[in-house]
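Take a look at the structure set out below.
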Amino acid sequence: MTIDWLFAIVWLGGFGAFLIAAVALVRRSERRLSTGPRDQYTTVPGSDTSDQISAYLDRMSSELALPAADVAEVRSELIDHLEDSIAALEAEGFTHDEALREALGRLGPAAELGRQLRAAHQSTRRLLAGAGGGVFAAGGGFVLGYLGGTALAFVLVIVMAAGAVLLGHLGVPLPDLTSSTGGSVGNALMLSFMLAFAALFATRYAVRTCAGLSRRAPKTVASFWAAAGLILFGAWALFGIRGTQSWPGAASELCIPLAAVVGAVYRIERPMPHVGRWAAVVAVLSMVVLVGGVALMYGVSYSSSGSSGSFQESDLHLDLVAPVAPETWLPAADMVVISQNGNQTAYADLSAQLFASSGGSAPLPVAPVLANWSDLRFEAWHALPFMSDSGQLGIDTTYATPFAVQPAVLQGDSFPATFHFEHMRDARSWWVVLTGVAPDGHRYRLGDGTGNEADFNGSVWDWLTAPQ
Amino acid sequence: MRGKIRAQLLKGTTTLLVLTVLRDGELYGYEIAQRIRERSGGAFVPSEGSLYPALHALEADGALETSWRESDRGPRRRYYKITKSGLAMLEEHAQEWAASSLSTGKAMGEANR
């Protein structure tokens, strides 16, 4: 047995023990939050006497704000007490009505009794236990919700794929989720779906467990956990989930904190008596679906290929940017080449250099050639998707202006430039060209430029505050 | 005025009295009130409105444990039983009470002299 196996066993064992402990804690709280068979002793059979006792108990219960089981026990105990008291008073010679009034009077004002009983139940020790238990249960709920959400997401994907095939046969146009952009949207939607489930279960488990352990009605602690969930999951959704972003993706990720709030408040008084059974079913089914899904994913091989690089100059529509520099201002023997430094895809690190068109790998000095040029700048234009199978390439002709511009500052024999397309919402496929104003006062482009694709990479907050 | 003073005195002694009567065995709420009345010869009549909060607070503190049993009348009754922690608490309260009573008696003696 290698150390890896030992690590896996310890990790899985610890994880399983944590889940079992969390579910056990929730179940324990549920027993206190559900009245069950105690209900039969919380009311008295119909009569004038019972109406007065019931009215007294209802008023007292309205001040209790305790879990349902505690309320039922208090009512049951007080009914028993009042019946004993009335019987004793009648034995002393009181009429039934007098005995009833006297017995209720000895208990004091109903609201005051309710407040005192609530204070007796809700000690600081129990509150701390409730808070700690709530956090623990939230962790278990998060894991179970994530597992369940993931399994459900797999099922949904299968159903959607089947639906897409059917709609495709019917000729209904569908979004291309296999493209780079479409794929990232799909991934974000799936991730949000799974995390929303996790957040919903986390806050629901937290509220129910905290209420049971701290002896409070769930609705009285729900707002605390809703606020905590909103802040925690809101911060995570805004700043923590980093990667490719899109409007549908950002919107779906912002639903995660809302799911946490819904989990904490929606019908929160409703008992969850089958929590343990359902948790076990969710865990087992999730593992089955996840293992099957992962196996399916690894079993299906697919290939993707880009088409960048193989293009005809006429396809680029570069004249939309600016006319090519005439020989008068840029010798035909020379050309400005913009190259991408390194293999990074997170951002565009560019360098424009002058080369002899006849060949040669050494760049030529730029200063003498472009001495009379002014306002040299890099222009980033929207380009057509490079991964497209349509064969269309180059500048996207639906745009008339560049989406980003940087002045070109000479350093040595090159113009360096860095475009952080990964922080620009609409960059995606881009094409950068170097342009400048020639001595004739017109702007021309220097060379063909270069292009690539860049997915937005950052948090939802970065996406919302991005310049475009 | 006299009733108020008695109420104030009783308020502080409810816990002591409850623990004392439960030292002899399990009892339910109404029985506890009756037992206190009997043992004090009717001098102490604990307010029933303060008895139950005191019982529930003692249970929350771990001084008492409870069990539900069917009563002869039908509905279940909640029985209270003193725990080890409750016995320790009773010991402590009794000592405090004795010391306090002694001091009060001395002070009263000084005042009456």
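What you are looking at is a predicted structure, and each value in this text was computed from that prediction instead of being measured. Worth knowing before you read on, the calculation uses all heavy atoms, side chains too, and leaves out hydrogens, waters and symmetry mates. We name chains A, B, ... by the order of the sequence lines, and we start the count at 1 in each one.
For chain B, the option among A/Gln122, A/Arg215, A/Arg118, A/His121 with the highest count of heavy-atom pairs below 4.5 Å is A/His121.
In summary, the side chains of B/Tyr28 and A/His81 do not present any donor paired with an acceptor at a separation below 3.5 Å, with no hydrogens or angles considered. Judged by distance alone, the side chains of B/His56 and A/Glu73 never bring a donor and an acceptor atom under 3.5 Å apart.
More than 12 heavy atoms of other shown residues, nucleotides or ligands fall within 6.0 angstrom of atom CZ in A/Arg126. By the 6.0 Å contact criterion, OH on A/Tyr266 is open, its count of non-hydrogen atoms from other residues, nucleotides or ligands being 12 or less. The environment of B/Arg39 atom CZ is dense: over 12 non-hydrogen atoms of other residues, nucleotides or ligands sit within 6.0 angstrom.
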Q: Apply the test side-chain contact (heavy atoms from CB on, under 4.5 Å) to residues A/Asp84 and B/Arg77: give CA-CA distance (whole Å), side-chain angles for both, the deciding distance (0.1 Å), then the verdict.
A: CA-CA 11 Å; A/Asp84 277 341; B/Arg77 275 186 174 146; 3.0 Å; yes
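Of all the heavy atoms in A/Ser85 and B/Tyr30, the pair that sits closest is CA-CE1, 3.6 Å. The two residues B/Ala57 and A/Ala120 make their nearest non-hydrogen contact at N-CB, 3.6 Å. Looking at every heavy atom in both residues, B/Gly49 comes nearest to A/Gln116 through O-OE1, 3.6 Å.
Looking at A/Leu78, the atoms closer than 4.5 Å to chain B (heavy atoms on both sides) all sit in the side chain, from C-beta outward. Only the side chain of A/Arg125 comes within less than 4.5 Å of a heavy atom of chain B; its backbone N, CA, C and O stay farther away.
Distance check, rounded to the nearest 0.5 Å: CZ of B/Arg78 to OG of A/Ser76 gives 9.0 Å. Rounding to the nearest 0.5 angstrom, the gap separating the CD atom in A/Glu77 from the OH atom in B/Tyr80 is 3.0 Å.
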